[in-house]
Colleague: 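The structure follows.
Only a predicted model underlies this, so the values are computations on that prediction, with no experimental measurement involved.
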Amino acid sequence: NSYVASQEFDSQMAAQKALGWDLVPEYDDMAKELRLAFTDKQGYPAEVTTLAVLVGRATEAKDDTRPVFTRQSGVFVAPLDLSRGKWMMQVEATAADGTAFRQRIDLYVKG
């Protein structure tokens, strides 16, 4: 039922906010790389145990991709060749304590 679903959503959002994580994405058009920097409440790299990202256009699925990230000096980096325009990312990560972190981000590539 919708009441139970809304209670679960509120609980999950409260847990995510309690993490105090900040996510800063950066796309390097020259290097063809997507970088995701997760930081904790103190500004240090967050302890991310799982990461799944969907990158695609908001209007169609044909360009959807799931980049494979590696952690480099506290930042997650994936090779990704994006053409010019508006893209969206759906980011799902998990903290060491099992708390889920979800965020949808618009990304603009100038090309």
Colleague: Counting distance only, does the side-chain N/O of Gln16 pair as donor-acceptor with the main-chain N or O of Arg102 below 3.5 Å?
Modeller: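 Indeed, once roles are kept as given, a pair shorter than 3.5 Å links the two residues.
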
Colleague: For Asp64 and Val55, what are the C-alpha separation, side-chain angles and deciding distance, and is it a side-chain contact (heavy atoms from CB on, under 4.5 Å)?
Modeller: CA-CA 6 Å; Asp64 286 4; Val55 178; over 6 Å; no

Colleague: Provide the closest heavy-atom pair for Ala78 versus Pro67 in the form atom of the first, atom of the second, distance.
Modeller: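 Result for this residue pair: CB-CB, 3.6 Å.
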
Colleague: Can you see which heavy atom on Glu33 is nearest to which on Tyr27, and at what distance?
Modeller: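 Scanning both residues, the minimum pair turns out to be O-CD1, 3.2 Å.
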
Colleague: If you take all heavy atoms of Val48 and Ala93, which pair is closest and at what distance?
Modeller: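 The pair with the smallest heavy-atom distance is CG1-CB, 4.0 Å.
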
Colleague: Looking only at heavy atoms, which two atoms of Pro79 and Val68 are closest? And how far apart?
Modeller: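 Taking every non-hydrogen atom into account, CD-O, 3.9 Å.
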
Colleague: Please confirm whether the backbone N or O of Thr94 pairs with a side-chain atom of Thr49, one donor and one acceptor, at under 3.5 Å?
Modeller: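 A pair under 3.5 Å: yes.
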
Colleague: Hey, could you give me the NZ/CG distance between Lys41 and Asp22, rounded to the nearest 0.5 Å?
Modeller: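 With rounding to 0.5 Å, NZ (Lys41) is 13.5 Å from CG (Asp22).
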
Colleague: Please answer: with hydrophobic residues joined when any side-chain heavy atoms are less than 4.5 Å apart, are Leu36 and Val109 in the same cluster?
Modeller: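 Same hydrophobic cluster.
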
Colleague: In terms of side-chain geometry, is the basic nitrogen of Lys110 or Asp29 positioned less than 4.0 Å from the acidic oxygen of its partner?
Modeller: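 No.
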
Colleague: If every non-hydrogen atom of Met89 is compared with every non-hydrogen atom of Pro25, which pair is closest and at what distance?
Modeller: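 Looking at all heavy atoms of both residues, the shortest contact is CE-CB, 3.5 Å.
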
Colleague: Hey, does the side chain of Trp21 reach the backbone of Lys17 with a donor-acceptor pair shorter than 3.5 angstrom?
Modeller: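 Looks like no, no N/O pair under 3.5 Å.
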
Colleague: Just by distance, do the side chain of Asp40 and the backbone of Tyr44 share a donor-acceptor pair under 3.5 Å?
Modeller: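 Yes, because the side chain of Asp40 sits within donor-acceptor range (under 3.5 Å) of the backbone of Tyr44.
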
Colleague: Quick check against the 3.5 Å criterion: does Arg57 have a side-chain atom that pairs as donor or acceptor with the backbone of Lys86?
Modeller: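 Yes, because the side chain of Arg57 sits within donor-acceptor range (under 3.5 Å) of the backbone of Lys86.
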
Colleague: I need the single residue from Leu80, Val24, Asp28 that forms a side chain to side chain contact (heavy atoms under 4.5 Å, CB included) with Arg35. Which is it?
Modeller: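 For Arg35, the side chain to side chain contact (heavy atoms under 4.5 Å, CB included) check succeeds only for Asp28.
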
Colleague: Quick one: pull up CG in Leu34 and CG in Leu82 and give me the separation to the nearest 0.5 Å.
Modeller: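 With rounding to 0.5 Å, CG (Leu34) is 7.0 Å from CG (Leu82).
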
Colleague: So Leu51 and Phe76, do their side chains get closer than 4.5 Å, heavy atoms only?
Modeller: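 Yes. Closest side-chain heavy atoms under 4.5 Å.
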
Colleague: Once you measure the plane-to-plane angle for Phe38 and Phe101, does it fall in the parallel (<30°), tilted (30-60°) or perpendicular (>60°) bin?
Modeller: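 Perpendicular.
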
Colleague: Taking the basic N atoms (NZ, or NE/NH1/NH2) and the acidic carboxylate oxygens, is any pair closer than 4.0 Å for Arg104 and Asp106?
Modeller: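 The answer is yes: the pair qualifies as a salt bridge.
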
Colleague: For the hydrophobic clusters of this structure (ILVMFWY residues joined by side-chain heavy atoms under 4.5 Å, transitively), does one cluster hold both Ile105 and Leu54?
Modeller: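 Different clusters.
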
